[in-house]
Amino acid sequence: YVRWRISDPSQYIRNVGLDEKAVAQQLTRVVRNAFQEEINKRTVKDLLSPPVNWRDQLSEWFTAQCSGKDDLTWRRYNRRYVAQEIYLPSEHSETIDEVIIACDMSGSISEQIPMFLGAIADLCDAVKPKRLRVLWWGTTVVSEQVFEDDLSQIRNALRPRGGGGTCVSSVSKYIIESGYNPDCVLVFTDGYVESDIKWHISSPTLWMIMGNDDFVPPVGGTKIAVSQ
């Protein structure tokens, strides 16, 4: 009764007396109608909010960060206007220098690490950042791996370490104290962390959240819900 929000079954039974068969039929109708109502609600919700593939979202965000930063340089004039004796700077693009991936190694999420890192390895192979720094963290950052230039073998080279509790603020502290200045940061976690996250990193940060719809990232961060 609780499942179908029927607090008082007697109010749903009308003119059935003590006939057990009639009572059973009436209750069957009630449950069937409640079940159909729930199905209809979920169907409408799915239509209004169709599921989005988190790998596609990750690819779009990651590509936006790694596709290069357009800038202007006076080292070479813009040839489009030189013929008109108008000398303007030309655009040049710099590939992304460093990406930091911070992986939550608490017991509740560690089994999902291979799935996530597989997707990251594919993306790194596509966009090729100059440096990839992987941080393994729990209550603190317990290990760091750095990959440069050739990232094709990263999938087999990753060595997860850690476990236990979670304090994602330790990642921000570690990055700042180490003097790192990444172009972007990806945090993979289930979001069950301290309530007062101290995140003082100015780099664009993507929060990859596994199984916690209530998690709200720090100001400026972007959240993607991860599913298997």
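For clarity, every value in this text was computed on a predicted model and none was experimentally measured.
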Asks: Is it the case that the side chain of Gln145 and the backbone of Arg159 share a donor-acceptor pair, with hydrogens and angles ignored and the cut-off at 3.5 Å?
Replies: yes
Asks: Under 3.5 Å, is there a donor-acceptor pair between the side chain of Ser143 and the main chain of Trp136?
Replies: no
Asks: Distance from Ile101 atom CD1 to Leu132 atom CG, nearest 0.5 Å?
Replies: 4.5 Å
Asks: Which of these passes ring-ring contact (aromatic ring centres under 6.0 Å, His included) with Trp207: Phe188, Trp199, Trp54?
Replies: Trp199
Asks: Indicate yes or no: at least one non-hydrogen side-chain atom of Tyr174 is less than 4.5 angstrom from one of Ile100.
Replies: no
Asks: Test of understanding: clusters of I, L, V, M, F, W, Y form through side-chain heavy atoms closer than 4.5 Å, transitively. Do Leu206 and Tyr180 belong to the same one?
Replies: no
Asks: Between Lys173 (side chain) and Thr140 (backbone), is there a donor-acceptor pair under 3.5 Å?
Replies: no
Asks: When you measure from the side chain of Thr166 to the backbone of Tyr192, do you find a donor-acceptor pair of N or O atoms at a distance under 3.5 Å?
Replies: yes
Asks: Going by atom types alone, do Ser170 and Trp137 pair a side-chain donor with an acceptor below 3.5 Å?
Replies: no
Asks: Please answer: with hydrophobic residues joined when any side-chain heavy atoms are less than 4.5 Å apart, are Val187 and Ile209 in the same cluster?
Replies: yes
Asks: For the CG atom of Leu186 and the CG atom of Leu135, what is their distance to the nearest 0.5 Å?
Replies: 11.5 Å
Asks: Does Asp190 reach the main-chain N or O of Gly211 with its side chain, forming a donor-acceptor pair under 3.5 Å?
Replies: no
Asks: Could you give the distance from CD1 (Ile201) to CG (Asn181), rounded to the nearest 0.5 Å?
Replies: 10.0 Å
Asks: Do Met105 and Arg161 make a side-chain contact, defined as non-hydrogen atoms from C-beta onward lying under 4.5 Å apart?
Replies: no
Asks: With distance as the sole test, does Thr205 use its side chain to make a donor-acceptor pair with the main-chain N or O of Gly221 at under 3.5 Å?
Replies: no
Asks: Considering all heavy atoms of both residues, which atom of Ser106 and which atom of Gly165 are nearest to each other, and what is their separation?
Replies: CB-O, 4.3 Å
Asks: Glu98 side chain to Lys130 main-chain N or O, any donor-acceptor pair under 3.5 Å?
Replies: no
Asks: Working to the nearest 0.5 angstrom, can you tell me the gap between Ser172 OG and His200 NE2?
Replies: 5.5 Å
